[in-house]
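Side chains included, hydrogens not; waters and symmetry mates left out as well; all remaining heavy atoms used.
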Amino acid sequence: MKSLSRVKSFEGILETFEHVSEVTATPMRFAVYLPPQAQQKKVPALLWLSGLTCTEENFMQKAGAQRVASELGMALIAPDTSPRGANLPGESESWDFGLGAGFYVNATQSPWSKHYRMYDYVLHELRALVLKNFPVQAEKLSISGHSMGGHGALVLGLRNPDVFKSISAFAPISAPSQCAWGKKALGNYLGQNPADWKNYDSSELLKLAQVRKEILVDQGTEDKFLKEQLMPEKLEEAAKATDYPLKLRYQKGYDHSYYFVASFIEDHLRFHAR
């Protein structure tokens, strides 16, 4: 790993790293915030997945999470949202597919399958890298995210309950099999058979969950993507049908931005700490 930047924040250290990924066959970047408690012992950690067009910087710069993480003694880990440097044809033509839009899946379709493997990158490579190089407790790792990253957090958390202690999300893409963002991404990364998309659709995964951990989801009522892209009602319907402990909160007047995330990130950090 190569350190790209290092700053002090609320008595902890925020550092950004770059490494060559074996999973994506490209350079990858991620940011780590270590609270002051990490100087003496291993600490719990929250893995944060960001949304469309974002990088490893957005959450650390805009969410205001470091103050509470410092108080709670919780590390924060934020990877980039896609491989970069593969130079695949068409990967930079639109903001909702390709660069900055890896959707946290393992692509199966050429040419994406060689590089766009964000599911394995997050679950295996990044997690192993963090546990090897930082004072983080492997048994106390939680996951959260925003928008596309909320989708990723729900999918990774539901599919790997032995790895992630708790799950939350902000404005997640709750039913990607049924919205334009999801159909575009999953269709190109995984092929045109919708049956192949179910493993990356949290509304479908919720119906099959064997381990039932409470999930916290916040959604702004003034989010311009609410009805056509995010579809939280699909997640709610799946939870009600299976009596799954989903806590879905509609926050009146809030939009899709990091102003919304920053307003409720403390609630989520304390939820994971509990």
Side-chain angles (χ1 to χ4, degrees), residues 9-12 14 31-38 43-51 54 57-79 136-137 140-158 161 163-174 202 206 209 211-226 230-236 238-240 244-274:
S9 178
F10 293 97
E11 300 304 317
L14 170 60
V32 175
Y33 176 73
L34 291 178
Q37 294 87 340
V43 296
L46 176 68
L47 178 59
W48 175 271
L49 304 181
S50 292
C54 291
E57 294 182 332
N58 296 70
F59 174 73
M60 296 298 188
Q61 290 181 348
K62 297 180 179 180
Q66 290 92 330
R67 176 184 61 82
V68 181
S70 175
E71 175 197 330
L72 297 173
M74 180 186 295
L76 305 172
I77 305 152
V136 167
Q137 295 174 281
K140 290 188 177 181
L141 181 63
S142 298
I143 193 164
S144 185
H146 173 232
S147 193
M148 177 187 71
H151 141 78
L154 291 172
V155 168
L156 279 151
L158 287 167
V163 172
F164 298 106
K165 193 79 173 177
S166 52
I167 311 166
S168 76
F170 289 81
I173 303 172
S174 297
S202 54
L206 204 68
V211 179
R212 307 169 68 78
K213 300 178 181 180
E214 182 183 9
I215 295 175
L216 173 62
V217 174
D218 274 316
Q219 173 63 61
T221 61
E222 297 304 309
D223 191 321
K224 65 181 180 180
F225 304 117
L226 176 58
L230 305 179
M231 301 181 178
E233 70 279 2
K234 300 295 182 182
L235 198 64
E236 196 168 25
K240 287 182 178 178
Y244 191 96
L246 170 70
K247 187 174 185 180
L248 174 58
R249 309 188 304 187
Y250 286 94
Q251 303 293 359
K252 187 175 180 180
Y254 285 89
D255 65 5
H256 196 70
S257 71
Y258 263 90
Y259 295 110
F260 162 57
V261 173
S263 297
F264 298 100
I265 191 63
E266 180 170 352
D267 286 359
H268 284 244
L269 293 179
R270 296 191 184 281
F271 165 78
H272 292 293
R274 286 195 299 272

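Applying the salt bridge (Lys or Arg N to Asp or Glu O under 4.0 Å) criterion to D255, with sequence neighbours excluded, gives no partner residue. For A38, the side chain to side chain contact (heavy atoms under 4.5 Å, CB included) partners are L34, P35, V43, P135, not counting sequence neighbours. Not counting sequence neighbours, the partners of Q251 by the side-chain hydrogen bond (donor to acceptor under 3.5 Å, both in side chains) test are D218. Taking the side-chain hydrogen bond (donor to acceptor under 3.5 Å, both in side chains) definition, one finds that S9 meets it with nothing, sequence neighbours left out. With sequence neighbours excluded, the residues that form a ring pair (Phe, Tyr, Trp, His ring centres under 6.0 Å) with F170 are W48, F260, H268. Residues passing the side chain to side chain contact (heavy atoms under 4.5 Å, CB included) test with S70, sequence neighbours excluded: F10, Y33, P36.
For K247, the NZ atom counts as loosely surrounded, since its 6.0 Å shell holds 12 or fewer non-hydrogen atoms of other residues, nucleotides or ligands.
Residues H256 and L226 form no side-chain contact, since every pair of their non-hydrogen atoms from C-beta on lies 4.5 Å or further apart. Looking only at side-chain heavy atoms (C-beta outward), L76 and V32 stay at 4.5 Å or farther from each other. Contact check for Y254 versus D223: no side-chain heavy atoms found under the 4.5 Å cut-off. At least one side-chain heavy atom of V217 sits under 4.5 Å from a side-chain heavy atom of L235. L216 has its side chain within reach of R249: a pair of non-hydrogen atoms, C-beta onward, lies under 4.5 Å apart. Between R270 and L72 the shortest side-chain heavy-atom distance falls below 4.5 Å. Looking at K62 and V261, their side chains never come closer than 4.5 Å, going by heavy atoms from C-beta outward. Residues L158 and S202 meet the side-chain proximity criterion, which asks for heavy atoms closer than 4.5 Å.
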Taking it one step at a time, do L156 and L49 satisfy side-chain contact (heavy atoms from CB on, under 4.5 Å)? CA-CA 10 Å; L156 279 151; L49 304 181; 3.7 Å; yes
Show, in sequence, the C-alpha distance, side-chain angles and deciding distance for S174 and H151, and conclude whether the side chain to side chain donor-acceptor pair (under 3.5 Å) test is met. CA-CA 6 Å; S174 297; H151 141 78; over 6 Å; no
Run the numbers on S144 and L46 for side-chain contact (heavy atoms from CB on, under 4.5 Å), then give the verdict. CA-CA 7 Å; S144 185; L46 176 68; 3.9 Å; yes
What verdict does the side-chain contact (heavy atoms from CB on, under 4.5 Å) test give for L269 and M74, after you've listed the backbone C-alpha separation in whole Å, the side-chain angles of each residue and the deciding distance to 0.1 Å? CA-CA 8 Å; L269 293 179; M74 180 186 295; 3.8 Å; yes
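A donor-acceptor contact shorter than 3.5 Å is absent between the side chain of Y258 and the backbone of Q61. Between the side chain of S257 and the backbone N or O of Y259 there is at least one donor-acceptor pair closer than 3.5 Å. Put simply, the side chain of K140 never gets that close to the backbone of F164: no donor and acceptor are under 3.5 Å apart.
Checked for salt-bridge contact, E11 and R67 miss the test: no charged N lies under 4.0 Å from a carboxylate O. Under the 4.0 Å criterion applied to side-chain N and carboxylate O atoms, E222 and K252 are not assigned as salt-bridge partners.
Distance check, rounded to the nearest 0.5 Å: OG of S142 to CZ of F271 gives 8.0 Å. The line from CG of L248 to NZ of K240 is 9.0 Å long, rounded to the nearest 0.5 Å. In this structure, CD on E57 lies 9.5 Å from CG on L14, to the nearest 0.5 angstrom. Separating the NE2 atom in H146 from the OG atom in S50 is a distance of 9.0 Å, to the nearest 0.5 Å. Rounding to the nearest 0.5 Å gives a distance of 10.0 Å between NE2 of H272 and CG of L47. Rounded to the nearest 0.5 angstrom, I167 CD1 and L246 CG are separated by 10.5 Å.
Residues A63 and I265 come closest through the heavy atom pair O-CG2, 3.4 Å. The minimum heavy-atom distance between I143 and G157, with the atom names listed, is CG2-CA, 4.2 Å. In terms of heavy-atom proximity, A75 sits nearest to V136 at CB-CG2, 4.2 Å. Contact record, A45 with I77: CB-CD1, 3.9 Å, taken as the closest heavy-atom pair. Of all heavy-atom pairs between G145 and A153, the closest is N-CB, 3.8 Å. Closest approach of E236 and Y250 over heavy atoms only: OE1-OH, 3.9 Å.
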